[in-house]
Protein chains: 2
Amino acid sequence: MTTLAPTPHELMIRKMESIFPLSVEEKQAISALPIQLVDIKTNQDIVREGDEPSQCCLILEGFTCMYKVTAEGKRQILSLYVPGDVPDMQSLHLKVIDINIASISPCKLGFIQHKDLRQLCERYPRLTAAFWRETLVHASIFREWLLNNGQRPAYTRIAHLICELRMRLKVVGLAENGTFEMPATQAELADATGITQVHTNRVLQVLRADGLISTVKTQMHVPDWNKLKQAGEFDSLYLHLIKTATA
Amino acid sequence: MTTLAPTPHELMIRKMESIFPLSVEEKQAISALPIQLVDIKTNQDIVREGDEPSQCCLILEGFTCMYKVTAEGKRQILSLYVPGDVPDMQSLHLKVIDINIASISPCKLGFIQHKDLRQLCERYPRLTAAFWRETLVHASIFREWLLNNGQRPAYTRIAHLICELRMRLKVVGLAENGTFEMPATQAELADATGITQVHTNRVLQVLRADGLISTVKTQMHVPDWNKLKQAGEFDSLYLHLIKTATA
DNA sequence: CGGTTTGTTGAATTCACTCAATCCGAGTGG
DNA sequence: CCACTCGGATTGAGTGAATTCAACAAACCG
């Protein structure tokens, strides 16, 4: 299945439907949402700690990451966001942003005003549940990362991260045949998994040698999904995808 | 201020008001919520991965923890929950539970039926926002733990955890004069911070030697809040407390 | 009490880190 | 078309923070 680039609204709906069944009416309502398109370059901050935005950001193309830095200047990437994600949905209810969001590749973004989202939720109360659920799924991803980074050895940890990305990209149609764009640098993977860049490099080499992944530029290929899943101890339950989306 | 043990509803309201301003009406509505009281012993599972509960669990007394285990049997504690918390609020919107929750001390729990919470939210839409916000704050705590466990050295990491507990207990009136109950064992602190029990023990000794904490049985005392905050690089922004609660 | 959990200590080990240095491909400009 | 730059990837060698393993002390509990 070769999917033409979906419109912003199509993408948003596709993503939402992976975790929440939408009615025709609800989809129409979402499709009517005003979205302001913006292109940005690599390594641009989109939202910063302390900001009080009045809009949410929908990723349309490219990858972004959420991160925090310690007093000593060490950066932890808290999550990677891919097309269809709204990394700052929390700003609907937490006025002051407590994290940073930045692009890690050139991105196309769609900004949606809080007021429009609030209006939508008022008119379609089930959508409140849908958005709430989306934030809960992201919380679940944070938890899985906590487990992953806290208890698993580097090899498993990186394998797990790659599994998650593949799965999340698949539901929005961006990971066919086990191949997908993965523009994160090794330094970024390192900051996401809490290991050093040097060590990340060595682990990736072993993963390649073991035939679990192969990379060409920013293209990641997973020849044997089951083997990688096993290496990464990956169980997608925590992504809370509904069955139709997993198939 | 010596607070008498609050009723379940008082405790719930006190906690909610630390992150969301409630009207008199809303408080009355919450007070009318049916709550089923249950006492449990230490180390009892309350909710398990795979469960599909029809109720949420309000902690009234004691500590509980949320955890996950890897295939190799390593346990990561994802969060600690204290009186006033509802650790499984997510079950309102994520049918299948993806984590475990267990007591780490004897606990008094209050179970609230999903249907009652849903009804409450329908009648008082602002409360939907309040509960949603509560789940977002917990997500924020997961993120901070990710940063803490991923990027900070063991000493800072444990100091930070103690700071967080003090702060969260304070808003429900359980940490006056820098003293509070902290029933977690060193093994549990270890699983929460992603370091070994042995090393946790050594770090605690240093923290005591540095005069940052002192412990008598399960009582934790913090003689100098500012010093501990500094040692733990603690900034409470991520808890999203409203000003009146911080004071 | 005796049994069990929790806390403490020592010694050897290791996984991952630090600190460079080097390599490489993609642009850029002369 | 090649020299130059620059970000990213790779490699080597030495180091260290935290681990493992094992034993022991202390506190807790029925």
Side-chain angles (χ1 to χ4, degrees), chain A residues 41-44 63 65 70 72-77 102-106 148-159 161-162 181-209 213-220, chain B residues 41-44 62-63 65 70 72-77 102-106 148-162 181-209 213-220:
Chain A
K41 289 178 301 198
T42 304
N43 292 325
Q44 302 288 300
F63 277 37
C65 72
T70 66
E72 283 83 34
K74 300 208 167 195
R75 175 177 71 159
Q76 174 71 44
I77 291 184
S103 59
I104 62 170
S105 75
N148 201 38
N149 292 3
Q151 302 298 148
R152 294 204 256 248
Y155 183 86
T156 318
R157 213 184 286 191
I158 292 191
L161 176 57
I162 296 170
E181 271 303 311
M182 222 296 288
T185 64
Q186 294 185 353
E188 284 154 353
L189 284 182
D191 285 348
T193 49
I195 58 191
T196 30
Q197 192 252 100
V198 171
H199 197 50
T200 301
N201 178 279
R202 302 202 228 257
V203 170
L204 283 173
Q205 287 179 51
V206 180
L207 282 168
R208 283 194 281 253
I213 60 168
S214 63
T215 52
V216 182
K217 314 235 179 176
T218 59
Q219 286 259 320
M220 169 80 62
Chain B
K41 290 179 300 198
T42 305
N43 292 325
Q44 302 288 300
F63 276 38
C65 72
T70 66
E72 282 83 35
K74 301 211 167 194
R75 175 176 71 161
Q76 175 71 44
I77 290 182
S103 59
I104 61 170
S105 76
N148 200 38
N149 292 1
Q151 303 298 149
R152 297 204 254 248
Y155 183 86
T156 319
R157 213 184 285 191
I158 292 192
H160 189 281
L161 176 56
I162 296 171
E181 271 303 311
M182 222 295 287
T185 64
Q186 293 184 355
E188 284 154 353
L189 285 182
D191 285 348
T193 49
I195 58 191
T196 30
Q197 193 250 101
V198 171
H199 198 230
T200 302
N201 178 279
R202 302 199 231 260
V203 169
L204 283 172
Q205 288 179 50
V206 181
L207 282 169
R208 282 193 282 254
I213 60 169
S214 63
T215 52
V216 183
K217 314 237 177 176
T218 58
Q219 286 259 319
M220 170 79 62

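In what follows, every heavy atom counts, from backbone to side chain, and hydrogens, waters and symmetry copies are set aside. Because the structure is a prediction, the values reported are computed rather than measured. Lettering of chains follows the sequences in order, A, B, ..., and the numbering in each one begins at 1.
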**Request:** To the nearest 0.5 Å, tell me how far A:Arg75 CZ sits from A:Cys65 SG.
**Result:** 5.5 Å
**Asked** OP1, OP2 of D:dT10 versus side-chain N and O of A:Arg208: anything below 4.0 Å?
**Response** yes
**Item:** No-hydrogen, no-angle side-chain donor-acceptor test under 3.5 Å, B:Asn201 and B:Gln197
**Value:** no
**Summary of protein contacts for nucleotides 12-29 of chain C, nucleotide by nucleotide, where a base hit scores B, a sugar-phosphate-only hit scores S (4.0 Å, heavy atoms)** = ----SSBBB-----S---
**Asked** Of all heavy-atom pairs between A:Thr200 and A:Gln186, which one has the smallest distance, and what is that distance?
**Response** CG2-O, 3.8 Å
**Item:** Length of the line joining B:Met182:CE and C:dG7:C1', which is rounded to integer Å
**Value:** 13 Å
**Request:** Answer yes or no: is there a side-chain heavy-atom contact under 4.5 Å between A:Phe63 and A:Glu188?
**Result:** no
**Fill in**
CG of A:Asn149 to CZ of A:Arg157, rounded to nearest 0.5 Å, is 5.5 Å
**Request:** Rounded to the nearest angstrom, tell me the gap between atom NZ in B:Lys41 and atom P in D:dG30.
**Result:** 9 Å
**Complete:** To the nearest angstrom, the CD-P distance between B:Gln186 and D:dA26 comes to 15 Å
**Item:** Distance test, side-chain N/O of B:Asn201 to OP1/OP2 of C:dG7, below 4.0 Å
**Value:** no
**Request:** Give a yes or no answer on whether the side chain of B:Thr156 reaches the backbone of B:Arg152 with a donor-acceptor pair at less than 3.5 Å.
**Result:** no
**Asked** Is the shortest heavy-atom distance from the side chain of A:Gln44 to the side chain of A:Ser103 under 4.5 Å?
**Response** yes
**Request:** Measure from the side chain of B:Thr185, starting at C-beta and using heavy atoms only, and say which of D:dG8, C:dG7, D:dT10 lies closest.
**Result:** C:dG7
**Message:** What's the angle between the local helix axes at either end of the helix from C:dC1-D:dG30 to C:dG30-D:dC1, using five pairs per end and rounding to 10 degrees?
**Reply:** 40°
**Asked** Rounded to the nearest 0.5 Å, how far apart are CD1 of A:Ile104 and CG of A:Asn43?
**Response** 8.5 Å
